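If you're wondering where the values come from, they're calculated on a predicted model, not measured in any experiment.
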Amino acid sequence: MQYTLVAWMRDKPGVLNRVSGMLRRRNFNIDSLQVSHSETPGISRMTFVVDGDERVADQVVKQLRKVVDVTAVEDITNRLAILRELALIRVRTTPETRSEIMQFAEIYRAQIVDVNSENLVVQAVGTEDKVDSLIELLRPFGIDEMVRTGRVALCRGDERPRRKKQPTSIFKAAASLNGSLHGDDE
Amino acid sequence: MAIAKREPADSGYDLGPQEFSGSQMIWESFLREGVHVVFGHPGGAILPAYDALAEYEADGRIHHVLVRHEQCAAHMADGFARATGQVGVCIVTSGPGATNLVTGLATAQMDSVPVVAITGQVPTNLLGTDAFQESDVVGVTQPVCKHNYLVTDIAELPLVMKEAFYIAREGRPGVVLVDICKDVQNEIGTFRYDFDINLPGFEPWPEYSKEAVQEAADLLNEAERPLILAGHGIHLSNTSEELLQLVEKAGIPVVTTLLGTGNIPETHPLSLGMGGMHGEAFANRAVQGCDVLLAMGMRFDDRITGRLDRFAADAKIIHFELDRAEVGKNIVPDVAVVGDLAETLPAYLPLIEDRRHKEWVDTLNEWRGETEEADIIQFEVEELIPPYVIRQLWHATEKTDKRVIVVTDVGQHQMWESQYYIHEQAGMLLTSGGLGTMGYALPAALGAQMSDPEALVWCVAGDGGFQMTLQELATIQQEKMPVKIAIINNGFLGMVRQWQQIFYDKRYVGTPILSPDYVKLAGAYDIPGAVVSHPSEVVPVLELAHATEGPFLVDFQVKEEVNVYPMVAPGAAVDELIRRPKPGMVQGYSGVQPSW
């Protein structure tokens, strides 16, 4: 089954490499991995989709927690969460097919973000299932190029992940060094 | 000797902010961490640091040991750390210097040994240009380190140094590498060391659950056939005493892992010695036959468990462990107590009932008796066999008042040492258990000896492993350290040959190995030595070695094709073992073939 894990980490050079290296080294099967900024400056957020059983998911969480730059890890698989993926799909068009493609896009509440005489780009946002099914609908028209972000996840309301330590002052120690260690971006 | 743990030695160097070069900061950090011995090899990118070392060496604050190969700098730091409980330190140059370290770092990391490694790096303006002697050290060493750093800004250096020691030492110990660009070593900056470490993602000492301890106690109190499987964590947490109290209070027999050797004295009636691939049959049968297995400070390595799905199949398993990632990694326990054994074991003890388990212990003793009767050591032998050498080494070292440290290499002799040397305490055997690094013994023995020049340190190595790092004889002599060396010389890469004999129809491919005349070789370094090829010469030569001040080498030319028994084929269950053949009988093998 698929597990959704969220990890927060210090935004330092090589941190993505540390995490991905550990996952490869320990032979974990990761379906998708997405990295971005979080609400806290200096802290990045990663969303993982892990394929495996409960024991594998448990091990991924524990091994992630051992990476020194990782500040927190949550398994949100069983939480109420908003799971989304964004896809940009370039579909071949002819004058005959264009309106049909646009209708499909509309049904999926996807947007057309670029059009020319030979193709158009559909921007779809939704769960992976929804994105998958739109892609299957569009495939017969000819997909020239496609990119997907992988899953991002945010818990609903009170289901917010319970991070023990809010990493708001991670540079406290550094700041005592004349306050200039990591620049003024905090 | 008391082992100081965790706390950096009081350095008395609390001097407030000062202006230092990056190079000086390295040594100043060492002093504040109580480090006075470092193992290293200079080179271009670390030259500024070596230049700054001059003033610290001149007044004796730091002693630098020049190794002959960087791998051995890491092994020496490892040996030093294992012998003291303090962080071991090595320092080498960029590129090849750093890549040569890797084996030593991996060895230490696999066995949870605290080591800090400093590597020089090309100047920041040359990073990523494939400059001379540049290698991506942080990338190369990441998988074998607990954490590592590349320092490109002098403002970061003091904090990084302090974090490096903190991370290496705290919690489950491990290796931290700090890669420092050459221009950073030359720059001048403000040095201070009084900041608090703030690593929100680093949880070295997880708080244990009292409920879990109670559950673990209830389970153990109900056991009819309990067994303790004690690992390296007992030594690392300095809880041998508490373990012994538990053992005697609840009357529980103890099997140890290789790195748990000596957790309770092996002369203790409830000690069953080492379990696993070359554990005694009675120890492995105990593991398979127990109804509650209490695993403490160990990680269920495949060498101890054999086939996982048949490991202790009838037992409830309790796992005391500091590193929560080890819980459920190989074996899913019924109860897990995650926390420092120094806290959890004292909390556990009062909850345990006084028990004796007479029937269970009697059964084990019966099994033990059967094994001992068949043991090769019981028979008069004309030929020089390794178990005899090891047993005599134990008799000889038992007589000394000195602290005894035995450092073994990897292979047959390592297993014989474990079987035939009687270890009275934790930490007296240093060996590469996890990575199984041939060539470990000689440099690690010197590292241990550097921490305690008065100790009696025996390096026990095979002829294969010894030849991997024998250049360090020069380092031993340069340091004038009295390391005693026993080479168990059987003309083969013995353990590999044993596998070839048993699993590959005796096709000895790549295993016959030529040795130099070791006594002449030692002589070239001005180290005295002797050759022994008959049992009658063993005791006298050991006496001679002990009577000799300074180092001494003995080339024990033992019988060639002797196997380590019992043996569990890799992938087999630990009770499916190949027993010792009776004297004069050559044992064939038709059991489980190795799965890998």
Query raised in the report: At what distance, to the nearest 0.5 angstrom, does CG of B/Leu341 lie from OH of B/Tyr208?
Result: 12.0 Å
**Report entry** Nearest-0.5 Å distance that lies between atom CD in B/Glu163 and atom OG in B/Ser29
**Finding:**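 The OG atom of B/Ser29 is 12.0 Å from CD of B/Glu163, to the nearest 0.5 Å.
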Can you tell me which portion of [X] sits under 4.5 Å from chain B's heavy atoms? Options are side chain, backbone, both or neither.
X	answer
A/Arg55	side chain
A/Val61	neither
A/Val68	both

Query - B/Glu19 side chain to B/Thr190 side chain, donor-acceptor N/O pair below 3.5 angstrom - result: yes
Chain A heavy atoms under 4.5 Å from [X]: which part of the residue, side chain, backbone, both or neither?
X	answer
B/Lys162	neither
B/Leu150	neither
B/Asp323	side chain

Requested in this report: Give a yes or no on whether the backbone of A/Glu118 and the side-chain of A/Thr93 come within a donor-acceptor separation of less than 3.5 Å.
Outcome: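 Yes.
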Report task. Considering only heavy atoms and a distance below 4.5 Å, find which of A/Val56, A/Asp58, A/Asn17 pairs most often with chain B. Result ->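 If we count pairs closer than 4.5 Å to chain B, A/Asn17 comes out on top.
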Query raised in the report: Using 30° and 60° as the class limits, which term best fits the ring planes of B/Phe195 and B/Tyr193: parallel, tilted or perpendicular?
Result: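 Aromatic pair B/Phe195/B/Tyr193 classed tilted.
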Report task. Look at B/Val138, B/Asn148, B/Ile167 and state which one has the largest set of heavy-atom pairs under 4.5 Å with chain A. Result -> B/Asn148
Query raised in the report: Are B/Phe300 and B/His319 an aromatic pair by the rule of ring centers under 6.0 Å?
Result: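 Yes, the ring centres sit under 6.0 Å apart.
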